Amino acid sequence: DYPIYFLDILMPDRDGIEIGKVIRKQDDQAVIIYLTSSADYALQAFGVFAQRYLLKPIQQREFEEAMDFAVRQTLQMQKVLHVNTIEGIRNLFYQEIEYIENVSRTLYIAVVNGEPVISRFLRKSFESDMEELLENENFIQVHKSFIVNLLYIKLYKQSQIVMFSDKVVPVSRSRQTEVKRIYLQYLSKRY
């Protein structure tokens with residue numbers, strides 16, 4: 001149900017980055033993989049949140065790994081977090097979640113391109129309520145009160161993360177080494 005786009009950046013009549021921008025405006029969940037003979041546009045590919053940037057000639061192993069990643073991403077897009085709110089049970093796709101903040105045992109969930117979702121009072125601990133979400137490779141708990149979606153990190157620093165929404169999320173001192181390692185692993189898998 002989720003499209004996977006392969007774009008050749010050096011297409012004779014179109015700029016692959018521009019096409020990626022058009023796709024991203026229409027579908028912020030689409031998986032975009034660039035195929036190119038030049039590394040010149042790799043940084044621009046970050047701007048459209050491309051999942052891969054493959055240089056020609058493409059090795060079969062690289063292609064298979066990119067396809068496996070794309071399939072995993074599309075399966076992740078189908079996972080849902082059920083949030084008990086005042087209005088009732090709200091279902092949020094994992095891909096919609098930018099970050100989650102635990103404030104006095106109430107979840108504040110920042111949603112990409114949407115209004116935040118606020119949960120009712122948590123009966124269990126934050127970690128146990130978020131256990132299934134934290135099994136997802138896109139999410140990491142960076143602080144006792146914050147879980148972030150690695151996909152939406154705009155800037156990573158040792159003690160804080162800036163999300164696409166410009167929210168500054170603290171990284172606890174005890175988690176800094178682990179967060180850095182996991183984030184770098186995540187980036188190396190993506191690009």
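Predicted, not measured: the structure shown is a model, and the values here were computed from it.
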Kindly work out whether a path of hydrophobic side-chain contacts (I/L/V/M/F/W/Y, heavy atoms less than 4.5 Å apart) joins V22 to I32.
no
**Item:** Transitive ILVMFWY side-chain link L184 to V148, under 4.5 Å
**Value:** no
With a cut-off of 6.0 Å (strictly less than), are more than 12 heavy atoms of other residues, nucleotides or ligands near CD1 of I89? yes
Looking only at the side chains, is there a donor atom on one of Q95 and N138 sitting less than 3.5 Å from an acceptor on the other? yes
Residues passing the side chain to side chain contact (heavy atoms under 4.5 Å, CB included) test with P116, sequence neighbours excluded, are Y108
query = Should the ring pair Y152 and F164 be called parallel, tilted or perpendicular, given that the plane angle runs from 0 to 90° and is split at 30 and 60?
reply = perpendicular
Do the side chains of R61 and E64 get close enough for a salt bridge, i.e. N-O under 4.0 angstrom? no
For the backbone of V169 and the side chain of Y99, can you confirm whether one donor and one acceptor N or O come within less than 3.5 Å of each other? no
Is it the case that more than 12 heavy atoms not belonging to Q158 sit under 6.0 Å from its CD atom? yes
Between A70 and V31 the two heavy atoms that sit nearest each other are CB-CG1, 3.6 Å
>> Looking at E62 and R52, is any side-chain nitrogen of the basic one under 4.0 Å from a carboxylate oxygen of the acidic one?
In response: no
- Given side chains that start at C-beta, do those of K56 and L35 come closer than 4.5 Å, heavy atoms only? yes
Test side chain to side chain contact (heavy atoms under 4.5 Å, CB included), reference V111, set E96, R90, E98, output is E96
* To do: Please state whether the rings of F146 and H143 are parallel, tilted or perpendicular, taking 30° and 60° as the class boundaries.
  => perpendicular
For this session: Check whether any side-chain heavy atom of L107 sits under 4.5 Å from a side-chain heavy atom of L122, and report yes or no.
Result: yes
Measure from the side-chain N and O atoms of R105 to the backbone N and O of R120, and report whether any donor-acceptor pair falls under 3.5 Å. no
(Q) Using only atom types and a distance under 3.5 Å, with no angle test, would you say the side chain of Y34 pairs donor to acceptor with the backbone of Y41? (A) no
Open item on the list: Using side-chain heavy atoms (C-beta onward) and a distance below 4.5 Å, is Y156 in contact with V162?
Closed with: no
Note, L155 side chain near Q160 side chain (heavy atom, < 4.5 Å): no
Sorted by chain and number, sequence neighbours left out, salt bridge (charged side-chain N to carboxylate O under 4.0 Å, His left out) with K154 holds for D166
Of I118, L92, I147, the one forming a side chain to side chain contact (heavy atoms under 4.5 Å, CB included) with I109 is L92
Given the options K144, E101, Q141, F126 meets side chain to side chain contact (heavy atoms under 4.5 Å, CB included) only with Q141
